[in-house]
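Report on the following structure.
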Amino acid sequence: CAGSTTTQTGGLASGATYPLGVTTNVFRVTDAAGNTTTCSFTVTVGDAQAPAITCPANGTATAVTGTCAATFTYTAPVGTDNCAGVTTTQTAGSASGASFPVGVTTNTFRATDAAGNTTTCSFTVTITDGQAPSISCPSNASISTTTGACTGTFTYTSPTGTDNCAGVTSTQTAGL
């Protein structure tokens with residue numbers, strides 16, 4: 001019969017900006033005799049956009065004299081997202097202000113939003129060993145020739161080098 005009216009009793013209008021999550025739209029139709037019927041449908045808005053995160057530039061430092069490491073400070077990255085609830089965690093490397101060993105350390109951070117979308121970024125911290133190794137040789141010596149020969153035998157303890165970092169090798173480059 002003619003004379004029915006339809007009204008929206010819940011949810012948002014067509015063309016509206018729907019929030020993240022589920023919105024239920026409810027409509028009621030009433031005919032001229034006062035009979036009513038309702039229907040509803042849901043609109044689900046999901047967050048498919050990954051968060052953003054930007055790591056600092058790669059960094060370098062020289063090991064502190066007498067050690068094989070250096071303290072390195074950086075600004076930890078913080079993830080951002082189109083929706084609230086992003087968290088940032090460090091998944092590899094060392095924290096800002098920590099003692100970094102000689103060599104290259106890769107620091108990786110992950111931003112995770114409330115929907116579980118993730119983005120990672122990485123940067124390196126390179127610590128160089130600028131301290132030369134040290135070595136002490138035995139004192140100079142004078143010896144006499146061996147009886148009946150034109151040579152002399154000399155015994156010495158081979159010098160061993162030391163360094164602020166492990167892995168030093170000592171090699172004789174001249175002499176006997």
Side-chain angles (χ1 to χ4, degrees), residues 1-133 163-169:
C1 297
S4 66
T5 57
T6 303
T7 56
Q8 185 171 2
T9 60
L12 298 172
S14 177
T17 300
Y18 283 75
L20 185 67
V22 178
T23 301
T24 302
N25 288 326
V26 181
F27 292 85
R28 180 177 58 223
V29 62
T30 306
D31 66 14
N35 299 310
T36 63
T37 300
T38 61
C39 74
S40 65
F41 63 93
T42 60
V43 176
T44 303
V45 176
D47 179 10
Q49 183 176 332
I53 188 169
T54 303
C55 278
N58 295 336
T60 60
T62 301
V64 176
T65 301
T67 70
C68 196
T71 300
F72 190 85
T73 303
Y74 58 86
T75 301
V78 176
T80 59
D81 195 48
N82 58 318
C83 297
V86 66
T87 59
T88 304
T89 54
Q90 185 170 6
T91 60
S94 297
S96 177
S99 180
F100 285 74
V102 166
V104 178
T105 301
T106 300
N107 296 284
T108 303
F109 289 82
R110 179 176 49 229
T112 305
D113 67 15
N117 300 309
T118 63
T119 302
T120 60
C121 70
S122 297
F123 67 99
T124 61
V125 174
T126 303
I127 306 298
T128 57
D129 177 8
Q131 183 176 337
D163 192 47
N164 57 313
C165 294
V168 67
T169 57

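Just so it is clear, the model here is predicted, and its values are computed rather than measured.
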For the residue pair [X] and [Y], what are the closest heavy atoms and their distance?
{"X": "Ser122", "Y": "Thr106", "result": "CB-CG2, 4.1 Å"}
{"X": "Thr88", "Y": "Gly79", "result": "OG1-N, 2.8 Å"}
{"X": "Gln49", "Y": "Asp81", "result": "O-OD1, 3.5 Å"}
{"X": "Gln131", "Y": "Val64", "result": "OE1-O, 4.4 Å"}
{"X": "Ala70", "Y": "Ala63", "result": "CB-CA, 4.0 Å"}
{"X": "Thr105", "Y": "Gly93", "result": "CG2-CA, 3.9 Å"}

Quiz item: Applying the side-chain hydrogen bond (donor to acceptor under 3.5 Å, both in side chains) test to Asn164, which of Asp129, Thr65, Thr67 qualifies?
Solution: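 The residue from Asp129, Thr65, Thr67 that satisfies side-chain hydrogen bond (donor to acceptor under 3.5 Å, both in side chains) with Asn164 turns out to be Asp129.
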Exercise. Decide yes or no on side chain to side chain contact (heavy atoms under 4.5 Å, CB included) for Cys1 and Asp31, but give the supporting numbers first.
Key: CA-CA 7 Å; Cys1 297; Asp31 66 14; 5.9 Å; no
To the nearest 0.5 Å, tell me how far [X] [atom1] sits from [Y] [atom2].
{"X": "Ser99", "Y": "Phe72", "atom1": "OG", "atom2": "CZ", "answer": "12.5 Å"}
{"X": "Thr119", "Y": "Asp113", "atom1": "OG1", "atom2": "CG", "answer": "8.0 Å"}
{"X": "Phe109", "Y": "Phe123", "atom1": "CZ", "atom2": "CZ", "answer": "5.0 Å"}
{"X": "Thr62", "Y": "Ile127", "atom1": "OG1", "atom2": "CD1", "answer": "8.0 Å"}
{"X": "Thr44", "Y": "Tyr18", "atom1": "OG1", "atom2": "OH", "answer": "11.0 Å"}

Name the atoms and distances for all side-chain donor-acceptor pairs under 3.5 Å in residues 52-60, with sequence neighbours left out.
unit_1, atom_1, unit_2, atom_2, d
Asn58, OD1, Thr124, N, 2.9
Asn58, OD1, Thr124, OG1, 3.3

Self-check item: Partners passing side chain to side chain donor-acceptor pair (under 3.5 Å) against Ser4 (at least two apart in sequence or in another chain)
Solution: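 Residues passing side chain to side chain donor-acceptor pair (under 3.5 Å) with Ser4: none at all.
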Exercise. Please name all residues satisfying side chain to side chain donor-acceptor pair (under 3.5 Å) with Gln90, sequence neighbours left out, ordered by chain then number.
Key: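 With sequence neighbours excluded, Gln90 shows a side chain to side chain donor-acceptor pair (under 3.5 Å) to Tyr74, Asn107, given in chain and number order.
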Quiz prompt | Pair listing, ring-ring contact (aromatic ring centres under 6.0 Å, His included) test, anchored in residues 48-71, at least two apart | solution =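 Pairs touching residues 48-71 that pass the test: none.
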Quiz item: Which pairs, with at least one residue in residues 2-32 and sequence neighbours excluded, count as a disulfide (SG to SG under 2.5 Å)?
Solution: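 For residues 2-32: none.
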Exercise. Please collect all disulfide (SG to SG under 2.5 Å) contacts where either partner lies in residues 5-45, sequence neighbours excluded, each pair once.
Key: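 Counting only pairs at least two positions apart or across chains, no disulfide (SG to SG under 2.5 Å) contact touches residues 5-45.
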Practice problem: Would you check if Leu12 and Pro19 make a side-chain contact, meaning some heavy-atom pair closer than 4.5 Å? | Solution: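 Yes; the side chains approach each other to less than 4.5 Å.
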Quiz item: Would Gln8 and Asn25 satisfy side chain to side chain contact (heavy atoms under 4.5 Å, CB included), going step by step from the backbone distance to the final call?
Solution: CA-CA 7 Å; Gln8 185 171 2; Asn25 288 326; 3.4 Å; yes
Quiz prompt | N/O donor-acceptor pair under 3.5 Å between Thr23 side chain and Gly11 backbone | solution =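 Side chain of Thr23 to backbone of Gly11: no pair is present.
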Quiz prompt | Asp47 side chain to Leu20 backbone, donor-acceptor under 3.5 Å | solution =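 No, Asp47 side chain to Leu20 backbone: no donor-acceptor pair under 3.5 Å.
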